[in-house]
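Here the structure is laid out as structure tokens; the discussion comes afterwards.
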Amino acid sequence: MVDARQIAEAARIISAGGLVSFPTETVYGLGANALDEAAVSRVFAAKGRPASSPLIVHVADIEMARSLTRQWPALAQQWAERYWPGPLTMVLPKAAHVPDRVTAGLDTVGIRIPNHPVALALIRAAGVPIAGPSANPFMQLSPTQAEHVRAELADYFLDGGPAEVGIESTVVSLAGPVPVLLRPGVLQLEGVALGEAPAEGAAHAAPGQHARHYSPATPLILGPPPMQGNGYRWVLPGDPLQCAAELYATLHRLDRMNYDWIAVYLPPDTPAWAGVRDRLVRAATPDGSRAEKHHAPGEAPA
Ligand code: AMP
Ligand code: MG
């Protein structure tokens, strides 16, 4: 785990424009000073992430969040008080000093307060907001445990143990007339419909929405297992929160076992399962992802 000396060293590296892999409750992040354009560019380079995909900016308190925006609607304040620190990213009109590199040229910035003592200590010690996508190469599985983190991507690594939530944050845009859900997660927002961000500019309206993302190397099939090959029939835990917590760790583990395929049935199309379903669909091989057969969780693929 992490001591005060390590936090101080990591904060020094962030201040000097370096990169630090740090734990959050969702997944491990690859962090840089969000206000340092060169440092942020290094994050994109280290991940091989397209410049069109904006980064989430992690802050330690609501004041720091507000300082990155030029509009802070009443609903943002309400949700910040209710859900932060926690796995909710709010997209808001950005302040002028937030580099375009961070937001992929968008006029909005995605912000959250992570619910992890190490992440919060790092942000406070560095004294700056920290832009951080997941600490994995682009298109690969997100790290939820220290052993998944590719240490060579960053200048320093803070080991905070396993991530409790296990999948990326819920992302909601508050930049338009009505809140729009850009990415489902374990945190559910009642009455907020999935949609596209109020788009402008050349960047993706909803980045992270690359069809195939979060992928294992082993083909992941959604639906009945193939007749051929030596595969693994994956039975999901029956509880959505437990399932999210274990999702990437299970995929990391299965991916090391040289199966020809992994087959799993999608959980039900309900709000509680939306985050897990989204990640499974993105991780699946294109052919497998069309087999949208619904099974009760806990039920083994036939
Ligand atoms: P990742 O860092 O790969 O987990 O992805 C970051 C996610 O944050 C993307 O999937 C986007 O949905 C979201 N995001 C961050 N900033 C913005 C923004 N300014 N506008 C829309 N979505 C954003
Ligand atoms: Mg990611």
Side-chain angles (χ1 to χ4, degrees), residues 19 21-22 24-32 34 40 43-44 46-59 65 68-71 76 87-95 98-112 114 119 129-144 148-150 153 163 165-176 179-187 192 194-216 244 247-248 251-252 274-275 278-279 281-283:
L19 308 188
S21 293
F22 67 103
T24 80
E25 82 281 32
T26 59
V27 304
Y28 273 83
L30 179 63
V40 170
V43 172
F44 283 91
K47 275 184 69 89
R49 180 175 172 114
S52 58
S53 211
L55 305 184
I56 291 171
V57 181
H58 299 78
V59 296
L68 301 173
T69 68
R70 47 167 212 282
Q71 272 163 43
L88 176 68
T89 297
M90 294 197 279
V91 171
L92 290 151
K94 83 172 188 74
V98 177
D100 287 338
R101 195 88 175 99
V102 174
T103 66
L106 293 168
D107 193 33
T108 54
V109 58
I111 311 168
R112 80 180 191 100
I130 295 185
S134 49
N136 56 286
F138 180 63
M139 298 279 280
Q140 294 185 17
L141 285 171
S142 293
T144 58
H148 305 154
V149 174
R150 292 264 303 270
L153 298 186
V165 169
I167 63 173
E168 297 84 352
S169 58
T170 302
V171 180
V172 64
S173 172
L174 292 182
V180 176
L181 183 66
L182 302 182
R183 177 173 74 185
V186 303
L187 190 140
V192 177
L194 194 62
E196 299 224 327
E200 21 68 57
H204 298 210
Q209 308 295 324
H210 303 271
R212 192 139 191 269
H213 201 189
Y214 315 116
S215 304
L247 194 76
Y248 289 137
L251 280 170
H252 277 284
D278 175 79
R279 302 313 186 275
V281 168
R282 284 178 206 292

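Just so you know, ligand 1 is whichever comes first in the structure, and atom 1 is the first atom listed for that ligand. No hydrogens, no waters, no symmetry mates; every other heavy atom, side chains included, goes into these values. By convention here, the first residue in the shown sequence is residue 1.
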Distance filter under 4.0 Å to [X] heavy atoms, resulting ligand 1 atoms:
X: L106; value: 18 (C), 19 (N), 20 (N)
X: P133; value: 2 (O)
X: L182; value: 21 (C), 22 (N)

(request) Please report the shortest heavy-atom distance between E196 and L182, naming the atom on each side. (result)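 For E196 and L182, the tightest heavy-atom pair comes out as C-CD2, 3.8 Å.
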(request) Locate the shortest heavy-atom distance separating V98 from L68; write the atom from each residue and the value. (result)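 So the minimum-distance heavy-atom pair works out to CG2-O, 3.6 Å.
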(request) Please check if any side-chain donor atom of T89 sits under 3.5 Å from a side-chain acceptor atom of S169, or the reverse. (result)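 Present: a donor and an acceptor within the cut-off.
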(message) So for T89, does at least one of its heavy atoms come nearer than 4.0 angstrom to any atom of ligand 1?
(response)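 Under 4.0 Å: no for T89.
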(request) Answer yes or no for S134: is there an N/O/S atom below the 2.8 Å cut-off from the Mg ion (ligand 2)? (result)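 True for S134.
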Who's closest to [atom] heavy-atom-wise, of [options]?
atom: atom 23 (C) of ligand 1; options: P54, G110, G29; answer: P54
atom: atom 6 (C) of ligand 1; options: R49, E196, K94, E168; answer: R49
atom: atom 19 (N) of ligand 1; options: L92, T108, V43; answer: T108

(request) Measure the CZ-CD1 distance between R183 and I167 for me, rounded to the nearest 0.5 Å. (result)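 The CZ atom of R183 sits 8.5 Å away from the CD1 atom of I167.
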(request) Hey, could you give me the CG/CZ distance between L251 and R279, rounded to the nearest 0.5 Å? (result)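 Rounded to the nearest 0.5 Å, the CG-CZ separation comes to 12.5 Å.
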(message) Is any side-chain heavy atom of R112 closer than 4.5 Å to one of T24?
(response)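 The answer is yes; the side chains approach within 4.5 Å.
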(message) Please report whether ligand 1 has a polar contact with T103, defined as an N or O pair separated by less than 3.5 Å (distance criterion only).
(response)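 It does not: no N or O of T103 is found under 3.5 Å from an N or O of ligand 1.
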(request) On the 0 to 90° scale, with breaks at 30° and 60°, tag the H148-H252 ring pair as parallel, tilted or perpendicular. (result)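 It falls in the parallel class, under 30°.
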